[in-house]
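Note sheet for the following structure.
Because the structure is predicted, anything quoted here is derived from the model rather than measured. Numbering of residues begins at 1 and proceeds along the displayed sequence. Side-chain atoms are counted along with the backbone in the values below, which use heavy atoms only and exclude waters and symmetry mates.
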Amino acid sequence: AKAGTGLVIENLTLDYGSFRALDGVSLQAKPGELVVLLGANGAGKSSIFLTTSGIHKARGGSIRFGSQELVGRKPSQIVAGGLVLCPEGRKLFPQMSVLQNLNLGAYVHRGDKAGNQRMLDEVMALFPILKEKQHQPAGSLSGGQQQMVAIGRAMMGRPQALLLDEPSLGLAPLVVKQVFEVIQRINRSGTTVILAEQNAYAALKIADRAYVIENGRIVMEGDRESLLKNDEIRRAYIGA
Ligand code: ATP
């Protein structure tokens, strides 16, 4: 497996107007790791991802991706540098075909037709159902299939690190299982993955490590085994 690129976030601060959404967040994902972010609605998970991908501007702190500093860069430069976000709620273009949605993810590589075709073949191999449905409008697919389009589109950006924001949202348990299996496969092929999830148990089961975020701050960090048996985590996030 090729080694993914690591991400080191230090003391990240983000304000929405006078509201401090991220208050000195530090976390890291080592090359090839699968790191989970746990937190309730509004804790700040999406804010971490939107700032890391250059969509929101950090107030302070640093985000190092391999040897690159991401703070101050534009979203397209960040994708071109190998860090790709699969956003919460999928954000597909429902009237456009599956294929057209997938190809949008390759925008920063638009000069490289052969490379994009290779990547498309990889995505179709990962999600055979998308090959079958490639000419259908993305909006006509089931929720789980649409999530696969969203992950496939992110893969077309050729990520060395992939940020996944609540990929299991609104999906039936069996479909959640399939989505998590695919995430695990992407990670095992070498891509660094950071996964934000409410579905704490399923996410922790495939994680190397996890962070817990509350009110814009990291309040806990640990490896899979220690968090799965942590009483506080079980009560607050697993419901056991
Ligand atoms: P969710 O699962 O609901 O996405 P989250 O952990 O990802 O939760 P964020 O979306 O990062 O949380 O939100 C963190 C806080 O910032 C919340 O209090 C939210 O209401 C607030 N917030 C998010 N986006 C904005 C915005 N554009 N303007 C103002 N406040 C915002």
How close do Ile78 and Thr52 get, heavy atom to heavy atom, and via which atoms? CD1-O, 3.5 Å

Residue pair Arg209 / Lys30: nearest heavy atoms and the distance that separates them: NE-NZ, 4.1 Å

So do the side chains of Leu14 and Leu12 get within less than 4.5 Å of each other, counting heavy atoms only? no

How would you list, by chain and number, every residue that makes a side chain to side chain donor-acceptor pair (under 3.5 Å) with Asn101, sequence neighbours excluded? none

Ion pair present between Asp165 and Lys91, side-chain N to carboxylate O less than 4.0 angstrom? no

Residue pairs fulfilling ring pair (Phe, Tyr, Trp, His ring centres under 6.0 Å) with at least one residue in residues 105-164, sequence neighbours excluded: none

State, yes or no, whether a side-chain contact exists between Val35 and Leu27 at a heavy-atom distance under 4.5 Å. no

Minimum heavy-atom separation for Gly24 to Thr13, with atom names? N-OG1, 3.6 Å

Full working for side chain to side chain contact (heavy atoms under 4.5 Å, CB included) between Val25 and Thr51: CA-CA 11 Å; Val25 166; Thr51 311; over 6 Å; no

Between Arg185 and Glu181, does any NZ, NE, NH1 or NH2 come within less than 4.0 Å of an OD or OE carboxylate oxygen? no

Between Asn215 and Arg20, is any side-chain donor less than 3.5 angstrom from a side-chain acceptor? no

Within one Ile-Leu-Val-Met-Phe-Trp-Tyr cluster: Leu227 and Ile213, side-chain cutoff 4.5 Å: no

Heavy-atom closest pair, residues Leu102 and Val149: CD2-O, 3.6 Å

